[in-house]
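These numbers come from the heavy atoms of this one structure, side chains and all, not from hydrogens, waters or symmetry mates. Reminder, nothing fancy here: chain letters follow the sequence lines and each chain counts from 1.
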Amino acid sequence: MAYWLMKSEPDAFSIDDLAARPKQTEPWNGVRNYQVRNMFRDQFKPGDEAFFYHSSCELPGIYGLMKVVSAAYPDPTQFDPKSDYYDPKSTREDPRWLLVDVKFERKLKKPITLTMLREHEKQLDGLIILQRGTRLSVTPVKPAHWNAILKLEAT
DNA sequence: GCCAACGTTGGC
DNA sequence: GCCAACGTTGGC
């Protein structure tokens, strides 16, 4: 089983939005980056765990936990001309973009902010989100990092 | 296949 | 709103 960190702008889709979904699941659509597409395709497995990270907001950080509940499949928004995520170059025969379904697990008692993560840089050496200029919206998290980060919830 | 221009991300 | 970083596009 693998661990992931998945970013979303809370104005667009937040941990509370996920918790409010009828089955507390949501297709993680709109990813338009080949590296992430390949991670979805090659590495994501149902049962994987993920941090829900809020970006571009007042307090960027990890706000909750979720579980991956599907294999990768084509993102339907790429075929929808009315969608912001429409990609005219993608076809149903050869879809360019994939997504996975995620399921709400729980909110953290309090967010683990980016600042807190930085304060524990030593333990979290190599965590991608702490590296300069990382813009990937989905990144892998090593098990040791996952555990170290979760411990910060109690601090 | 190079690379300049452009667009996007995301913290601050 | 600024701007650094970096992925993508497209002309050549």
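The existence of a salt bridge linking Asp48(A) and Lys67(A) is excluded, since no basic side-chain nitrogen approaches an acidic carboxylate oxygen closer than 4.0 Å. Here Arg106(A) pairs with Glu153(A) in a salt bridge; the nearest charged N to carboxylate O distance falls below 4.0 Å.
Residues Leu124(A) and Ile149(A) are in side-chain contact: their nearest non-hydrogen atoms beyond the backbone lie under 4.5 Å apart. In this structure, the side chains of Pro140(A) and Met39(A) come closer than 4.5 Å at one or more pairs of heavy atoms.
Of the possible donor and acceptor atoms, none in the side chain of Lys7(A) sits under 3.5 Å from a partner among the backbone N and O of Arg135(A). With hydrogens and angles ignored, the 3.5 Å screen pairs no side-chain donor or acceptor of Asp101(A) with any backbone N or O of Val69(A).
Looking only at atom types and distance, the side chain of Ser55(A) has no donor-acceptor partner in the side chain of Glu9(A) under 3.5 Å away. For the residue pair Arg32(A)/Thr77(A), the side-chain donor-acceptor check at 3.5 Å is satisfied. With hydrogens and angles left out, the side-chain atoms of Ser14(A) and Asp16(A) include no donor and acceptor closer than 3.5 Å.
Using a 4.0 Å cut-off on heavy atoms, the residues of residues 132-141 of chain A that approach DNA chain B are Arg135(A), Leu136(A), listed by number. Proximity of residues 109-130 of chain A to DNA chain C (heavy atom under 4.0 angstrom from any strand atom) is not detected for any residue.
For DNA chain B, the contact window with chain A, defined by any atom under 4.0 Å from a protein heavy atom, covers dG7(B) to dC12(B) in 5' to 3' order.
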Review point. Are Phe13(A) and Phe52(A) close enough, and set up right, to give a side chain to side chain contact (heavy atoms under 4.5 Å, CB included), and what steps lead you there?
Key: CA-CA 10 Å; Phe13(A) 187 73; Phe52(A) 195 127; 3.9 Å; yes

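Between Gln35(A) and Lys89(A), the residue anchored nearer the 5' end of DNA chain C, judged by the nucleotide with its closest heavy atom, is Gln35(A).
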